[in-house]
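Let me begin by presenting the structure, written as C-alpha cells, before commenting on it.
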Amino acid sequence: MDNQRNLIIAVVLSAVLLFGWDFAMRTYFPEPEQVPANMASREDAPVARVDGQITTDAAPVVRDLNTELGASGRVNIDAPELSGTINPVGARIDDITLKTHRQTVEQDSGPIRLFAPAGTDVQQFAQFGWVGEGVSLPDAQTNWQVIEGDELTQETPVTLGWDNGEGQQFRLTFRVDEHYMFSVSQSVTNTGDGSIALRPYAFVNRTSDTASASTWNVHSGPIAEGNGEVNFDWDYDEVAEEGPVSLSGDTQWLGFTDIYWMSALIADDASAAEGTFRDTGSDIYRADLIYDAVTVPAGETVTRTTRLFAGAKESAVLDQYEAQGVERFGLAIDWGWFRFIAWPMWQVLIFLFGLFGNFGVAIIALTLVIRLILFPIAQKQFHSMAQMRAVQPKMKALQERHKDDKQKLQQEMAKLYKEEKVNPLAGCLPIFIQIPIFFALYKVLLLAIEMRHEPFFGWLRDLSAPDPATILNLFGLLPFDPPGFLAIGVLAVLLGFTMWLQFKLNPAAMDPMQQQIFMIMPWVLMFVMAPFAAGLLLYWISNNILTLAQQKYLYARNPELKAMMAKEREEKAAAAEREKAEG
C-alpha cells in the first residue's frame, strides 16, 4: 500500500514538474512578439538642452523604413561585415545591416538589420553632439554637409561638417574597421573672439519592442562596464519604473544588448565620462555617454573620439577588442556563474568545429573529451558501487537488528562504512561534477552566435533552435506547432530512451520508491527538455550513449559487481513472483 501511495506521489510530482515548468516559462519569460512591418512607430524629437543634459521629447509617428532609407543625401557604409548609411540630418548612424548573419535559417532570408531610422517600428541609431550654453549647437534636425569622402569603408573615412555662423565649426569624422567598430571623432574649431565651454556626448537610442526576451539566465537590455565589472543589473522595465539610471563611477562603455547583438558606446577616457540609461516614452530607451566640459579657446580646435560597437557578439571579436584596450568587453557575453568552465569549453568547441566543420559533430566530440576527462572519477564511482554492494548483507543485518532504534542504526552503519573503508557519497561525485558542466554547456549553446543557424544532418538545420521534427504534427506534415511541453521531437525521444537504458544498466535501488522514480524520470525529462536547443539535447544523448559504453566496459572490469547485480535481479524477480502468487 505504501509503495502504491509513493508511486502516486511520484507521478503527481512529475506532472507538476512537467506542466509547471512550461507554465512558468510562458508566464514569466514569454517569447517576444513579432513586430509587424506596418506597426505604428515613434519619433525621436529634436534634442533639447536642460541644465546641460540631453533630453528627448518622444512623440508617436508613423514612418516607413524603405521611404526613410531612400531619402537623398545619405552616405553609404560598406565594410567587410556590415553595410548601411549615415543620415546627414542629425549626422546619425541609423542604418546598419550585418552581412554575415541572416534573419532565418533560409539562405535567402536576407541580412540582419541592427540599426534603423527614428520613427520606424525597428528604430535603433547612434547620434553624436555637444551640449553647452551661450553657443549655437547642432541638433537632431541639423543638416550636415559632407566635407571629405563619399563612402565610409575600412580604408576611407567620411567627415561631415556644420558651421553655426557665429565663429564655431563642428566636424564629425567617421571610421569603421573590419568587424563592427566605428570610431567617431568630434571636433570643434573656435574662430570667435572668446572661449567657449562644451560637453561632447553620444547616445544610442532604440525601441524595446524588438529586443530579445530577458530571462532568468540570459540578460537582454541595458549593459555597462564601470568600476571593474560589467553591469547586467537593469532591464527595460526597471529603467522605465525608476526613471533615469545614472551609473556610478567611471563608465568605459555602455549600451544595449540582445542575446546575439549589441550596440555600445566606448569612451576614450572613462574618468571623464558619465553614463545614464533613460526611458524617453513609448518604449523608447536611450544610453547616454556624456563627457566633462572642455574649454575651446579662440583660434583652437578640441577633439573627442568615441567608439561605437554595432554588431554581433562573436566571442573572438569581442576578445580582440578587449585586447585592444576595451576593458572586459568579452564579458558582454554573460557566461554566468560557471564562466570558468563555459569559456574554456567554448574554446574547445570552436577548435573542434574548425577541425570537423560541423557543429553537431563538434558537440559529440566535446562530449567524448569530457567523458575521457571524467573517466578516472567514473572508475572510482564504480569501485564505490562494488564496495557498497559487498557490504549490503551486513547492512541488511544491521537494519534488522536495529529496526526500532534509528539513532543506533545510523551509528552502526557509520562504523561499518569506516571498517570497510566505504564512502557512500563517492558514487554521487560524478553527478555533482556533471551539473556545472551541463549548465555551462547550456549557456554556451544558448549564447554562442557562432552556432546560430548551424546545421547537423538531415532535418536538424539549426542546432540553436528546438528540434523541429515533433511527433504531434507528424514531423511537420500537419500545419500547427504543438505547445512547448508537448513538442516532443526525435531528439527528445532518444534522450528519454537512452536515459532509461542507462538507469536499467545501473544497479537497482534497494528502495522500491526509488526504483519507481528512476523508471518515470527519463520520460519526465523527455518532456522537460523537448523545447531546449537541439544542440543541448544532442550533447545529452551523446553523453548517455558514452555513459552506457563506459558502464559496459567497467562492468566487464568488475565482474563481481555484475554478478551481484544479476543475483539481485533474480531475487527481486522471484520475490515479485511470490507476491503475485500470494496475491
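When a residue number appears, it is its place in the shown sequence, counting from 1. Worth knowing before you read on, the calculation uses all heavy atoms, side chains too, and leaves out hydrogens, waters and symmetry mates.
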Inset, instruction - Evaluate the criterion side chain to side chain contact (heavy atoms under 4.5 Å, CB included) for residue pair Tyr260 and His101; output intermediate values, then yes/no. - result: CA-CA 10 Å; Tyr260 294 132; His101 296 280; over 6 Å; no
Legend entry - Verdict with supporting geometry, Arg113 and Thr97, side chain to side chain contact (heavy atoms under 4.5 Å, CB included): CA-CA 4 Å; Arg113 170 163 295 283; Thr97 56; 3.5 Å; yes
Inset, instruction - For Leu546 and Phe375, run side chain to side chain contact (heavy atoms under 4.5 Å, CB included): C-alpha distance rounded to whole Å, both residues' side-chain angles, the deciding distance at 0.1 Å, then the answer. - result: CA-CA 11 Å; Leu546 290 173; Phe375 187 76; over 6 Å; no
Inset, instruction - List the steps, then state whether side chain to side chain contact (heavy atoms under 4.5 Å, CB included) holds for Leu308 with Phe115. - result: CA-CA 12 Å; Leu308 167 68; Phe115 276 18; 4.1 Å; yes
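With respect to Trp540, the side-chain contact (heavy atoms from CB on, under 4.5 Å) criterion is satisfied by exactly one of Leu536, Leu538, Leu537, Asn544: Asn544. No option in Val176, Leu82, Ile266 other than Ile266 meets the side-chain contact (heavy atoms from CB on, under 4.5 Å) test with Met181. Of the candidates Ile364, Ile363, Asp462, Leu491, Phe456 forms a side-chain contact (heavy atoms from CB on, under 4.5 Å) with just one, namely Ile364.
For the pair Thr207/Asp121, no side-chain contact is recorded, criterion being any heavy-atom separation below 4.5 Å from C-beta on. Counting heavy atoms from C-beta outward, Tyr321 and Asp177 have side chains that approach closer than 4.5 Å. Using a 4.5 Å heavy-atom threshold, the side chains of Leu265 and Val204 count as touching.
The ring of Trp253 has its center closer than 6.0 angstrom to the ring center of Phe329. Checked against a 6.0 Å centroid threshold, the rings of Phe532 and Tyr442 count as neighbours.
Judged as a salt bridge (Lys or Arg N to Asp or Glu O under 4.0 Å), and not counting sequence neighbours, the contacts of Glu106 are Arg461.
When atom types are taken as modelled, the side chain of Lys313 and the backbone of Asp258 share a donor-acceptor pair closer than 3.5 angstrom. Side chain of Gln103 to backbone of Pro111: a donor-acceptor contact under 3.5 angstrom is found. Within the 3.5 Å criterion, the main-chain N or O of Val490 finds a donor-acceptor partner in the side chain of Asp467. Side-chain atoms of Gln124 come within 3.5 Å of backbone N or O of Leu114 as a donor-acceptor pair. The closest donor-acceptor contact from the side chain of Glu450 to the backbone of Ser315 lies under 3.5 Å. Put simply, the side chain of Glu454 never gets that close to the backbone of Phe359: no donor and acceptor are under 3.5 Å apart.
Taking the six-membered ring for Trp and thresholds of 30 and 60 degrees, His219 and Phe232 have ring planes more than 60 degrees apart, a perpendicular arrangement. Taking the six-membered ring for Trp and thresholds of 30 and 60 degrees, Trp500 and Trp523 have ring planes inclined between 30 and 60 degrees apart. The aromatic rings of Tyr285 and Tyr236 sit tilted relative to each other, their planes meeting at an angle between 30° and 60°.
Of all heavy-atom pairs between Ala310 and Leu98, the closest is O-CD2, 4.2 Å. Considering every non-hydrogen atom in both Ser212 and Ile259, the closest pair reads OG-N, 3.4 Å. Summarising the geometry of Ala530 relative to Pro466, their closest heavy-atom pair is O-CB, 4.2 Å, with the distance given to 0.1 Å. For Asp233 against Asn231, the heavy-atom pair with the smallest separation is N-OD1, 2.7 Å. Of all the heavy atoms in Lys443 and Trp335, the pair that sits closest is CE-O, 3.3 Å. For the residue pair Met345 and Ala440, the shortest heavy atom distance occurs at CE-CB, 4.2 Å.
Going from atom OG1 of Thr104 over to atom CZ of Arg102 covers 7.0 Å, rounded to the nearest 0.5 Å. Note that the OH atom of Tyr180 and the OG1 atom of Thr100 stand 3.5 Å from one another [nearest 0.5 Å]. Taking NE2 from His453 and OG from Ser109, the interatomic distance works out to 7.0 Å, rounded to the nearest 0.5 Å.
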